[in-house]
Amino acid sequence: MAVRQCWCRQCQQVAGGGPTHNAMFATADVRLSGELATHAYVAASGNTLTQSFCARCGTPVMAQSSARPQFRTIRLGFLDPGHGLAPQMAIWTADAPDWARIDPALEQHRGQPPAPASTR
Ligand SMILES: [Zn+2]
């Protein structure tokens, strides 16, 4: 539904310093198998964010927000190559470090952008 690059502090921690790259899917369209480990916390927005990782290797898999249960945000690096997805938007750019180079071709938001319209 949307592909975003996120520079929020939590994403910088997950990604090792840079942004995360995330593809939002309708929850009903997502099927996962295997064991996930999760970490949930209350974000600055007041919503609970749950990050999921592979329980075996720690690879970031997805995130979800209590405010938007209709979406699952899958980490782009988790998907097999060939998906053809690329970021359209950079978000939470106000939290990006001074050395960050954000593609000026991307739509940019200093904080949280509006949610994409749900198709169901
Ligand atoms: Zn983020």
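For ligands, and for the atoms within them, numbers begin at 1 and follow the listed sequence.
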Check side-chain hydrogen bond (donor to acceptor under 3.5 Å, both in side chains) between T27 and all other residues, then give those that pass, not counting sequence neighbours. R72

Begin from the C-alpha positions of M89 and H109 and carry the test side-chain contact (heavy atoms from CB on, under 4.5 Å) through to its verdict. CA-CA 8 Å; M89 182 186 298; H109 293 266; 3.6 Å; yes

Check: Q12/W7 side-chain N/O donor and acceptor closer than 3.5 Å: no

Looking at CD of Q64 and OG of S52, how far apart are the two atoms once the value is rounded to the nearest 0.5 Å? 6.0 Å

Just to be sure I understand the site: which N, O or S atoms from the protein are less than 2.8 Å away from the Zn ion (ligand 1)? C6 SG, C8 SG, C11 SG

Would you say the side chain of P113 lies within less than 4.5 Å of the side chain of R4, judging by non-hydrogen atoms? yes

Just by distance, no angles: are the side chains of Q51 and H39 close enough, under 3.5 Å, to form a donor-acceptor pair? no

